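There's a structure below that I have some questions on.
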Amino acid sequence: MGSMSIWHWIIVAGIVMLLFGRGKVSDLMGDVAKGIKAFKKGMAEDETPAATAVPPPSTGEPVRTLPHQGEPATANTVAADRKVV
(Lines give C-alpha, C1' and ligand atoms only; values in the text may rest on other atoms or scores of the structure.)
Protein backbone atom coordinates (compact mmCIF):
# COMPACT_ATOMS: atom_id res chain seq x y z
CA MET A 1 0.00 0.00 0.00
CA GLY A 2 2.90 2.37 0.63
CA SER A 3 4.29 2.18 -2.91
CA MET A 4 2.77 3.72 -6.01
CA SER A 5 1.45 1.18 -8.52
CA ILE A 6 1.19 1.63 -12.28
CA TRP A 7 -2.48 2.61 -11.90
CA HIS A 8 -1.54 5.51 -9.64
CA TRP A 9 0.92 6.81 -12.25
CA ILE A 10 -1.65 6.44 -15.06
CA ILE A 11 -4.20 8.44 -13.07
CA VAL A 12 -1.63 11.14 -12.23
CA ALA A 13 -0.59 11.37 -15.90
CA GLY A 14 -4.25 11.64 -16.95
CA ILE A 15 -4.89 14.48 -14.50
CA VAL A 16 -1.78 16.32 -15.70
CA MET A 17 -2.94 15.95 -19.31
CA LEU A 18 -6.39 17.28 -18.41
CA LEU A 19 -4.98 20.27 -16.53
CA PHE A 20 -2.28 21.30 -18.97
CA GLY A 21 -3.49 19.80 -22.24
CA ARG A 22 -1.41 17.98 -24.83
CA GLY A 23 -0.03 21.16 -26.37
CA LYS A 24 1.36 22.62 -23.16
CA VAL A 25 3.02 19.38 -22.07
CA SER A 26 4.70 18.91 -25.46
CA ASP A 27 5.79 22.57 -25.48
CA LEU A 28 7.23 22.15 -22.01
CA MET A 29 9.16 19.04 -23.03
CA GLY A 30 10.41 20.85 -26.16
CA ASP A 31 11.64 23.75 -24.00
CA VAL A 32 13.44 21.30 -21.71
CA ALA A 33 15.11 19.69 -24.73
CA LYS A 34 16.19 23.11 -26.06
CA GLY A 35 17.64 23.96 -22.67
CA ILE A 36 19.66 20.74 -22.57
CA LYS A 37 20.97 21.35 -26.10
CA ALA A 38 21.95 24.92 -25.23
CA PHE A 39 23.72 23.70 -22.08
CA LYS A 40 25.69 21.09 -24.05
CA LYS A 41 26.60 23.66 -26.71
CA GLY A 42 27.80 26.07 -24.01
CA MET A 43 29.92 23.39 -22.39
CA ALA A 44 31.48 22.50 -25.76
CA GLU A 45 32.27 26.17 -26.46
CA ASP A 46 33.96 26.56 -23.07
CA GLU A 47 36.37 23.69 -23.79
CA THR A 48 37.32 24.79 -27.34
CA PRO A 49 39.13 28.13 -26.63
CA ALA A 50 41.34 26.58 -23.95
CA ALA A 51 42.76 24.07 -26.45
CA THR A 52 43.40 26.71 -29.13
CA ALA A 53 44.82 29.47 -26.92
CA VAL A 54 47.32 31.69 -28.73
CA PRO A 55 50.26 33.01 -26.72
CA PRO A 56 50.54 36.81 -26.53
CA PRO A 57 52.97 38.46 -28.95
CA SER A 58 56.50 38.80 -27.67
CA THR A 59 57.79 42.21 -26.61
CA GLY A 60 61.40 41.46 -27.45
CA GLU A 61 62.43 40.79 -23.86
CA PRO A 62 63.76 37.33 -23.05
CA VAL A 63 61.63 35.10 -20.90
CA ARG A 64 62.87 34.94 -17.31
CA THR A 65 62.82 31.56 -15.62
CA LEU A 66 63.58 30.46 -12.10
CA PRO A 67 66.43 28.02 -11.48
CA HIS A 68 65.42 24.52 -10.44
CA GLN A 69 65.92 23.40 -6.87
CA GLY A 70 69.53 22.46 -6.27
CA GLU A 71 70.86 24.53 -9.18
CA PRO A 72 72.82 27.64 -8.31
CA ALA A 73 71.52 30.93 -9.62
CA THR A 74 73.61 32.33 -12.47
CA ALA A 75 74.69 35.94 -12.73
CA ASN A 76 72.17 36.56 -15.55
CA THR A 77 69.15 35.47 -13.50
CA VAL A 78 70.31 37.45 -10.46
CA ALA A 79 70.81 40.58 -12.56
CA ALA A 80 67.45 40.12 -14.28
CA ASP A 81 65.71 39.82 -10.91
CA ARG A 82 67.26 43.08 -9.73
CA LYS A 83 66.35 44.97 -12.91
CA VAL A 84 64.06 47.91 -12.14
CA VAL A 85 61.30 48.56 -14.66
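If you're wondering where the values come from, they're calculated on a predicted model, not measured in any experiment.
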**Asked** Hydrophobic clusters join Ile, Leu, Val, Met, Phe, Trp and Tyr when side-chain heavy atoms are under 4.5 Å apart, directly or via other members; which others share one with Trp7?
**Response** Ile6, Ile10
**Complete:** For Val32, the hydrophobic cluster (side chain heavy atoms closer than 4.5 Å, chained through members) also holds Ile36
**Message:** Side-chain heavy atoms nearer than 4.5 Å, only ILVMFWY residues, links allowed to pass through others: does that put Leu28 and Val16 together?
**Reply:** no
**Asked** Is there a side-chain contact between Met29 and Ser26, using heavy atoms and a 4.5 Å cut-off?
**Response**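 Counting from C-beta outward, Met29 and Ser26 never come under 4.5 Å.
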**Request:** Enter the distance from Lys40:NZ to Met43:CE here, rounded to the nearest 0.5 Å.
**Result:** 11.5 Å
